[in-house]
Amino acid sequence: MPLDFPLFPEAASTMAGQVDALYIFLVVLSAFMSLLIGGAVFYCAVRYRRRSEDEIGSNFHGSILLEIVWSAIPLAICLLLFFWGAKVFFAQSRPPADALEFTAIGKQWMWKFQHPDGQREINTLHVPIGQPIKITAISQDVIHSLYFPAFRVKKDVLPGRYTTVWFEATKTGSYHLFCAEFCGAEHSKMGGQVVVLEPEEYERWLAGGAAASQSPAEAGAALFEQLACVTCHLDGDGGRGPALRGIYGEDVTLNDGRTVVVNDEYLRESILTPAEKIVAGFQPLMPTYKGQISEENVFKLITYIKSLSGGRETPAGGAVDESNVPQDAATDAATEDTP
Ligand code: CUA
């Protein structure tokens with residue numbers, strides 16, 4: 001009988017070996033402990049069974065040495081597992097700084113992906129090999145979970161909050177991607193393929209077919225104008241809202257004295273519920289955009305604001321030249337929500 005029953009999914013990322021090693025160690029350890037304890041129970045049951053009706057068991061008063069040994073060894077094993085697990089967890093939670101930034105939106109029942117330069121895909125994701133890929137994800141409705149078995153990474157995708165998952169593919173090919181959180185009637189269909197390509201192939205793929213008319217930062221710049229954000233967020237001081245150039249990744253002081261770091265999460269909150277965290281020295285004048293702007297468009301605005309701080313999107317370290325943004329950008333941005 002050919003042994004083609006796969007015990008493990010294919011391992012195709014830098015993370016896979018680390019996760020598998022920890023997993024195999026846990027399985028082997030559990031098997032060893034089960035056999036050890038089960039064997040000891042069985043041996044003692046037979047060896048020390050009652051042999052005659054009036055037999056009386058011997059008295060046993062314990063041993064300090066034994067107590068210490070069987071406390072210390074499990075403690076050492078548990079601590080090893082804790083630190084080993086934490087190491088893998090941190091590796092999974094911290095995308096490298098040079099990662100390509102993708103976005104994903106989960107909705108009943110599909111995955112919508114966007115590439116750093118604007119290409120969009122549904123339920124299929126093309127990525128280059130040997131390059132860290134960071135996916136910032138959010139859900140438009142219920143809780144989903146983005147799962148790449150071959151990369152050994154999985155992250156819940158939540159409504160109202162960004163989560164990120166990252167991987168670096170080590171093998172070209174096509175692998176499954178799944179939703180790993182029961183999310184309704186068609187949960188089982190909410191999946192697809194992740195296709196790992198050689199860098200040149202990926203460039204060719206980007207160039208061909210569904211080329212984006214503009215990058216997410218450019219689309220965000222157009223949206224920034226269309227929503228009239230520019231009237232308050234001027235390019236210098238003196239606006240009714242804080243100037244946005246160079247703020248991404250920096251600390252900002254709020255009017256209640258707290259300090260927050262300007263990241264994706266804070267920008268999203270400030271767009272949707274601006275009154276939550278007002279920057280010191282400003283009034284809570286900004287209207288809420290909750291319910292008026294799609295998650296996709298929030299991503300675009302954030303990417304634009306990031307690009308003002310020298311993000312990867314920015315040509316030559318400056319702002320996106322808004323005069324180059326096509327006029328239909330706003331309409332494009334407004335209509336692309338329907339898949
Ligand atoms: Cu989405 Cu299950």
Side-chain angles (χ1 to χ4, degrees), residues 6-13 15-16 19-20 23 88-89 92-95 99-116 118-127 132-169 173-196 210 212 216 263-265 267-269 271-272 290-303 333 335-339:
L7 281 175
F8 281 87
E10 203 160 350
S13 81
M15 199 61 65
V19 173
D20 288 355
Y23 180 78
V88 176
F89 178 80
Q92 281 188 339
S93 309
R94 291 182 178 159
L100 288 178
E101 301 205 5
F102 286 61
T103 61
I105 293 176
K107 57 176 281 190
Q108 289 170 318
W109 286 275
M110 66 177 69
W111 292 108
K112 300 200 278 184
F113 297 105
Q114 184 156 33
H115 291 248
Q119 279 82 355
R120 278 194 288 269
E121 297 186 83
I122 287 176
N123 289 348
T124 306
L125 177 63
H126 289 78
V127 295
I133 308 288
K134 172 188 171 189
I135 303 175
T136 303
I138 194 162
S139 165
Q140 225 168 277
D141 36 47
V142 301
I143 299 177
H144 303 277
S145 186
L146 186 52
Y147 181 29
F148 300 96
F151 303 154
R152 307 289 193 276
V153 293
K154 175 165 68 178
K155 195 77 182 186
D156 281 5
V157 175
L158 312 171
R161 195 173 113 190
Y162 290 135
T163 51
T164 60
V165 60
W166 83 273
F167 57 82
E168 182 179 329
S174 182
Y175 308 100
H176 288 296
L177 71 88
F178 291 117
C179 176
E181 181 73 42
F182 181 67
C183 56
E186 290 177 38
H187 154 73
S188 63
K189 293 184 194 158
M190 190 174 166
Q193 300 288 316
V194 53
V195 183
V196 180
N263 54 18
D264 295 356
E265 197 66 51
L267 288 175
R268 182 176 179 280
E269 184 184 22
I271 293 167
L272 299 181
K290 205 171 195 161
Q292 301 175 40
I293 172 171
S294 68
E295 294 295 351
E296 225 148 347
N297 284 345
V298 176
F299 268 139
K300 283 181 200 145
L301 287 173
I302 291 174
T303 311
T335 51
E336 68 204 7
D337 273 338
T338 37

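These figures come from a predicted structure and were not determined experimentally. Values below: all heavy atoms of this structure, side chains included; hydrogens, waters and symmetry mates excluded. Whatever order the structure lists ligands and atoms in, that order sets their numbers, starting from 1.
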Plane angle bin for Trp111 and His144 - parallel if under 30°, tilted between 30 and 60°, otherwise perpendicular: perpendicular
Partners passing salt bridge (Lys or Arg N to Asp or Glu O under 4.0 Å) against Glu186 (at least two apart in sequence or in another chain): none
Distance below 2.8 Å from atom 2 (Cu) of ligand 1: protein N/O/S atoms: Cys179 SG, Glu181 O, Cys183 SG, His187 ND1
Contacts of Glu269 that satisfy side-chain contact (heavy atoms from CB on, under 4.5 Å) - sequence neighbours left out: Tyr266, Thr273, Glu276, Lys277
Under the side-chain hydrogen bond (donor to acceptor under 3.5 Å, both in side chains) test, residues paired with Glu168 that sit two or more places apart: none
With Glu295, the side chain to side chain donor-acceptor pair (under 3.5 Å) member among Lys112, Gln140, Lys107, Arg268: Arg268
Ring geometry between His115 and Phe102 (parallel below 30°, tilted from 30 to 60°, perpendicular above 60°): tilted
